[in-house]
Protein chains: 4
Amino acid sequence: MINFHVDRSSSVPAYAQLVRQVREALRIGTLRPGDQLPTVRSVVTSCTVNPTTVLKAYRELELSGLVEARQGAGTFVTGTLGGADPHVMARLRGSLARWLDQAREAGLEDEDVQALLASVIGENPTRRTAPPAPGVGHGKEGAA
Amino acid sequence: MINFHVDRSSSVPAYAQLVRQVREALRIGTLRPGDQLPTVRSVVTSCTVNPTTVLKAYRELELSGLVEARQGAGTFVTGTLGGADPHVMARLRGSLARWLDQAREAGLEDEDVQALLASVIGENPTRRTAPPAPGVGHGKEGAA
Amino acid sequence: MINFHVDRSSSVPAYAQLVRQVREALRIGTLRPGDQLPTVRSVVTSCTVNPTTVLKAYRELELSGLVEARQGAGTFVTGTLGGADPHVMARLRGSLARWLDQAREAGLEDEDVQALLASVIGENPTRRTAPPAPGVGHGKEGAA
Amino acid sequence: MINFHVDRSSSVPAYAQLVRQVREALRIGTLRPGDQLPTVRSVVTSCTVNPTTVLKAYRELELSGLVEARQGAGTFVTGTLGGADPHVMARLRGSLARWLDQAREAGLEDEDVQALLASVIGENPTRRTAPPAPGVGHGKEGAA
DNA sequence: GTGGTCTAGACCACA
DNA sequence: GTGGTCTAGACCACG
């Protein structure tokens, strides 16, 4: 079961943080179709946000076809994202973790690391995602 | 000279996107003390935002001591962030770029990559940066 | 400019009624890309609903790519639906209107007429739309 | 015997969908006084809803005098709606079906057709049915 | 003035 | 108890 957390001091709206966390979990495989999301009420207590904020996040996920809310039962994952091979994912994750260790030994903070990745991604972009493309998908969450 | 771009469909406020881009540029070294930021007017035309939006971003940067507005001359970088050794930075950047190539060859999209980094960072966090202790793995929401 | 109205006694949620009216207007061509939707505040006064209700409707339309909200400017149509030839549409509309006249002369009420259409549509369905198919699209609004 | 179906993704409550389907069947004549409604148990299995949901629908129909529950026997139709001449009804149904064929040949989807009817009804409304006076053309939200 | 987020709380639909 | 809708009102971001 995914464990949400919201950073109230962030300029990213709370509901968008929740949406993002679900999407990330779907991408890295920690959330799979059939899994249940935390109940609205549990998120309310664990993150001290308002029920409507959670509802808004869940609703947005539902409209994008990633989850399904069942009255009286809960909210469940129905879609997938990324869909890369888990083994490959794990290998890449390992090598990235080693790189992170080096970066941290060199004194880089998390924000440095994120900036670096954003920069490297932006340098030779792959037109597989949709950076400035305003299509049908979401395009919410963050711009660097 | 840094080249701003704002994503209007992002949930991150336009002014915060500008702030963030300056901070990232400072972190990765593409912006250094003495460098000039684009004039408000040029940002207005290039990003089609309102002058007050740009002013708000610059004011916020000035308040955090990173830039300085000189009447009639423009806005100039006066502070630094991260301050890692440029050579080390370049080396890390190189290895990260190679990792990115692998990831992309494996079919990962940009969003996958970002999710992966967020997850790895969250797994063994360094308490040098931000506030919250991630459960599943994120700690990447943006700072304004 | 589309003119909303909400039936408070309907079991269809107010926000869904608004969404539906926009979608219908897009289908019959009374709303086209570039057109502005009524401001949230004007809908609030004309339909005596809460701002958040209107926002919710507009947000849903935005997520489905049909409209775009521009801060400080308003909400504008950006997508289309149906896209049938306006002339053909007008001709069909005419013949349907004549049929309606007959039906009413025969004593049918509006609810009869709607039930009849629902029945005829259900009898020989076209698999162009998505009646019980839960795909990516909305699927909200009503079931007969 | 009427064959219920509920669309769980609809914003119309499940019980209201059942009520509506009975009312429509009464209007178009597929359900007549004396006919039996499906047992609660059968609806539960065929639509995978909760017994209380079906009971709520049947109770509402009973309160409006359309059906009558006979202990141990089932629920039976006792009232009528619309009451138009069946022959006229059949004729109108036929001409509507022909119109539908034309519309579909012209490429209209079901949602287009529904929007068109709503628009035509709203244009010159008969004040025999519901409450509000449409501006653009709808008057079709459903009543439970 | 325009859209957008969040809160607090009431009430409904469903299992 | 679970999700869902609506209200009332405060405050923010933008033009």
Side-chain angles (χ1 to χ4, degrees), chain A residues 6 8 10-17 36-44 47-60 62 67-76 140, chain B residues 6 8-18 44 47-57 60 144, chain C residues 6 8 10-17 36-44 47-59 62 67-76 140, chain D residues 6 8-18 44 47-57 144:
Chain A
V6 315
R8 317 306 300 271
S10 166
S11 59
V12 179
Y15 85 92
Q17 294 184 31
Q36 181 175 9
L37 293 188
T39 67
V40 171
R41 287 156 173 79
S42 75
V43 178
V44 164
C47 298
T48 56
V49 292
N50 197 283
T52 58
T53 301
V54 185
L55 254 328
K56 184 171 185 177
Y58 282 12
R59 172 76 171 159
E60 188 158 323
E62 188 172 17
V67 309
E68 181 184 298
R70 299 182 201 144
Q71 281 279 35
T75 305
F76 299 83
K140 298 285 157 188
Chain B
V6 316
R8 312 307 301 268
S9 75
S10 166
S11 55
V12 179
Y15 85 94
Q17 293 185 33
L18 297 180
V44 165
C47 300
T48 55
V49 293
N50 199 283
T52 60
T53 301
V54 186
L55 283 170
K56 181 168 186 178
E60 191 160 317
Chain C
V6 316
R8 314 308 298 272
S10 166
S11 58
V12 179
Y15 86 93
Q17 294 184 31
Q36 182 176 6
L37 293 188
T39 67
V40 172
R41 286 155 174 79
S42 75
V43 178
V44 165
C47 299
T48 55
V49 293
N50 197 282
T52 58
T53 300
V54 185
L55 255 327
K56 184 172 187 177
Y58 281 13
R59 174 75 171 160
E62 188 171 17
V67 310
E68 181 184 297
R70 300 184 201 142
Q71 282 279 34
T75 304
F76 299 83
K140 297 286 157 188
Chain D
V6 317
R8 314 305 302 269
S9 74
S10 167
S11 55
V12 179
Y15 85 95
Q17 293 183 33
L18 298 179
V44 165
C47 299
T48 56
V49 293
N50 200 284
T52 60
T53 301
V54 186
L55 283 171
K56 181 167 187 180

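All of these numbers come straight from a predicted model, not from anything done at the bench. Here is how names work: the chains are called A, B, and so on, in the same order as the sequence lines, proteins then strands, and each is numbered from 1. Values reported hereafter were calculated over all heavy atoms of this structure, with side chains retained and with hydrogens, waters and symmetry mates removed.
- If you find the closest nucleotide of DNA chain F to A:P38 and to C:G72, the one lying nearer the 5' end belongs to A:P38.
- Under the side chain to side chain contact (heavy atoms under 4.5 Å, CB included) criterion, C:P13 pairs with C:Y15, C:A16, D:S11, not counting sequence neighbours.
- When the nearest nucleotides of DNA chain E are assigned to C:R70 and A:R8 by heavy-atom distance, the more 5′-ward of the two goes with C:R70.
- Judged as a salt bridge (Lys or Arg N to Asp or Glu O under 4.0 Å), and not counting sequence neighbours, C:R41 has no contacts.
- DNA chain E is contacted by both C:L55 and D:T48; C:L55 maps to the nucleotide lying nearer its 5′ end (nearest heavy atom per residue).
- The CG-C1' distance, from B:L18 to F:dC14, rounds to 13 Å in whole Å.
- One can place OH of B:Y15 at 12 Å from C1' of F:dC14, the figure rounded to the nearest angstrom.
- For DNA chain E, the span of nucleotides reached by chain D at under 4.0 Å from its heavy atoms goes, 5' to 3', from E:dA13 to E:dA15.
- A:T75 comes within contact range of the sugar-phosphate backbone alone, with a heavy-atom separation under 4.0 Å but no base atom that close.
- The side-chain hydrogen bond (donor to acceptor under 3.5 Å, both in side chains) test applied to C:E68 returns C:R70, not counting sequence neighbours.
- For the residue pair D:Q17 and D:S10, the shortest heavy atom distance occurs at NE2-CB, 3.5 Å.
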*Assess whether side chain to side chain contact (heavy atoms under 4.5 Å, CB included) is satisfied between C:E62 and C:T75, documenting all intermediate values.*
CA-CA 9 Å; C:E62 188 171 17; C:T75 304; over 6 Å; no
Run the side-chain donor-acceptor check on residues 49-56 of chain D: report pairs under 3.5 Å with partners two or more places apart or on a different chain.
unit_1	atom_1	unit_2	atom_2	d
D:N50	OD1	D:T52	N	3.2
D:N50	OD1	D:T52	OG1	3.1

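- Remark on DNA chain F: of its neighbouring residues A:Q71 and A:T52, the 5'-side contact belongs to A:Q71, judged by nearest-heavy-atom nucleotide.
- Following rounding to the nearest Å, B:K56 (NZ) and F:dG15 (P) show an atom-to-atom distance of 11 Å.
- Of all heavy-atom pairs between C:P38 and C:V43, the closest is CB-CG2, 3.7 Å.
- A donor-acceptor distance shorter than 3.5 angstrom exists from the side chain of D:R8 to the backbone of D:T48, with no hydrogens or angles considered.
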*Given Watson-Crick or G-U pairs with both distances under 3.5 Å, what dot-bracket string fits DNA chain E, with | for other-strand pairs and [ ] for crossing?*
||||||||||||||.
